Participant: 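Below is the structure I would like to discuss, written out as structure tokens.
The structure displayed is predicted, hence computed values, not measured ones. So you know, we letter chains A, B, ... as the sequences are listed, proteins then strands, and number each from 1.
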Amino acid sequence: MPIRPRTDTAELLQADVELQPLPREFYARSALVVARALIGKCLVRGHPSGDQRVWPITETEGYIGAHDLACHGRFGETPRTAVMFGPAGQWYVYFIYGMYWMLNVVTNTPGVPAAELIRAAGPANVPGKLTKQLGITRVENGLPVEPASRLWIADAGVRVPRRELVRTPRIGVDYAGEWKDKLYRFVWTKA
DNA sequence: GCAGTGATCATA
DNA sequence: ATGATCACTGCC
């Protein structure tokens with residue numbers, strides 16, 4: 001049976017829940033710890049009007065450093081990957097296949113190219129649709145993950161039971177040798 | 001299973 | 001300048 005990310009957000013969030021930004025230290029940890037911890041946190045997209053969309057994160061993938069042969073940082077720092085080598089808590093957004101923007105959060109410490117790909121949140125169950133629906137492009141690349149960027153991550157107090165969390169290999173990294181089979185993808189499944 | 005799409009990077 | 005590659009998606 002295929003693994004389906006959980007997308008029924010209405011039952012998860014109280015209307016008056018208080019959204020707290022995560023401290024910088026949250027991101028300054030190893031990529032896998034952060035990838036797991038992001039499940040159940042909320043992606044928040046603000047608009048100038050004051051409206052905001054709050055989408056629980058349901059699927060992430062960790063890319064852990066230059067030695068990870070699936071990681072963009074494996075060839076060293078380039079113009080595209082520079083953000084990954086910088087401090088934690090910034091967005092890394094890149095364009096792929098001529099069509100899609102991918103949203104990642106930089107983690108770990110400066111010099112270690114590590115990040116989480118946010119693959120699904122709220123009603124968006126694939127990474128390309130997530131960025132399209134939220135209007136995320138290269139504009140967000142390098143911005144800090146905080147409310148002032150109008151794209152940030154909040155703790156809404158949602159707890160994810162262990163039995164609803166599944167780990168699998170990462171998607172689309174068959175070229176990565178032994179690293180393609182590492183269980184670095186985290187999915188919040190429906191109960 | 002695979003076409004479509006264009007930035008990125010290495011090579012020259 | 002050129003060509004291979006690509007952390008994808010939707011439709012066959």
Participant: Please name the nucleotide paired to C:dA7 by Watson-Crick or G-U wobble geometry with both distances under 3.5 Å, or report none.
Facilitator: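 WC or wobble partner does not exist here.
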
Participant: Using the ring-ring contact (aromatic ring centres under 6.0 Å, His included) rule, take A:His72 and A:Tyr63 through it: C-alpha gap first, then chi angles, then the decisive distance, then the call.
Facilitator: CA-CA 8 Å; A:His72 283 178; A:Tyr63 291 85; 7.1 Å; no

Participant: For DNA chain B, which nucleotides open and close the run of contacts to chain A, 5' to 3', at under 4.0 angstrom from a non-hydrogen atom?
Facilitator: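 Contact span on the strand: B:dG4 to B:dC9.
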
Participant: For A:Phe95 and C:dC8, give me the distance from atom CZ to atom P, rounded to whole Å.
Facilitator: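 It works out to 14 Å between those atoms.
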
Participant: For A:Met99 and C:dC11, give me the distance from atom CE to atom P, rounded to whole Å.
Facilitator: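 Computing the A:Met99:CE to C:dC11:P distance gives 12 Å.
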
Participant: May I ask you to say what A:Arg80 touches in the nucleic acid, namely base, sugar-phosphate or nothing, with a heavy-atom cut-off under 4.0 Å?
Facilitator: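 Sugar-phosphate, backbone atoms only, no base.
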
Participant: A:Phe26 ring centre to A:Arg29 NZ or CZ under 6.0 Å, with the angle to the axis within 45°?
Facilitator: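 Checked: cation-pi criterion met.
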
Participant: Going hydrophobic residue to hydrophobic residue with side-chain gaps under 4.5 angstrom, can you get from A:Met102 over to A:Ile39?
Facilitator: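 No; tracing contacts between hydrophobic side chains, which count when under 4.5 Å, never links both residues.
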
Participant: May I have the distance from A:Ile171 (atom CD1) to C:dG10 (atom C1'), rounded to whole angstrom?
Facilitator: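 Distance check: A:Ile171 CD1 to C:dG10 C1' gives 16 Å.
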
Participant: At under 4.0 Å between heavy atoms, what does A:Met102 touch on the DNA or RNA strands: base, sugar-phosphate, or nothing?
Facilitator: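 A:Met102: backbone/sugar contact only, no base atoms under 4.0 Å.
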
Participant: Quick check: do A:Lys180 and A:Asp174 have side-chain heavy atoms less than 4.5 Å from each other?
Facilitator: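 SC-SC contact between A:Lys180 and A:Asp174 confirmed.
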
Participant: How many Å lie between NZ on A:Lys129 and P on C:dC11, as a whole number?
Facilitator: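 Atom-to-atom, A:Lys129 to C:dC11, this comes out as 10 Å.
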
Participant: Nearest-Å distance, CG (A:Leu32) to C1' (C:dA7)?
Facilitator: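 Rounding to the nearest Å, CG of A:Leu32 and C1' of C:dA7 are 15 Å apart.
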
Participant: Within 45 degrees of the axis of the six-membered ring of A:Tyr94 and under 6.0 Å from its centre: does A:Arg80 put its NZ or CZ there?
Facilitator: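 Yes, a cation-pi geometry.
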
Participant: Determine which nucleotide pairs with B:dT5, using a 3.5 Å limit on both distances of a Watson-Crick or G-U wobble pair.
Facilitator: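 Base-paired to nothing in any strand shown.
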
Participant: A:Ile64 and A:Val112: which non-hydrogen atoms are nearest, and at how many Å?
Facilitator: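 Reported closest heavy-atom pair: O-CG1, 3.9 Å.
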
Participant: Could you give the NZ-to-C1' distance, from A:Lys180 to C:dA7, as a whole number of Å?
Facilitator: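 Between C1' of C:dA7 and NZ of A:Lys180: 15 Å.
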
Participant: Could you tell me how far apart A:Arg170 (CZ) and C:dC6 (P) are, to the nearest whole angstrom?
Facilitator: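 Atom-to-atom, A:Arg170 to C:dC6, this comes out as 14 Å.
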
Participant: On DNA chain B, does the nearest nucleotide to A:Tyr97 precede the nearest nucleotide to A:Thr78 from the 5' side, or the other way round? Give the residue.
Facilitator: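 In this pair, the answer is A:Tyr97.
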
Participant: At 4.0 Å (heavy atoms only), tell me whether A:Phe75 reaches a base, stays on the sugar-phosphate, or touches nothing.
Facilitator: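 Contact class for A:Phe75: none.
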
Participant: Should A:Phe95 and A:Leu130 be regarded as members of a common hydrophobic cluster, given that ILVMFWY residues are connected when their side-chain heavy atoms come within less than 4.5 Å of each other, either directly or indirectly?
Facilitator: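 Both belong to a single hydrophobic cluster.
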
Participant: Whole angstroms only, please: what is the CZ-P distance between A:Arg119 and C:dT9?
Facilitator: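 In whole Å, C:dT9 P and A:Arg119 CZ are 6 Å from each other.
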
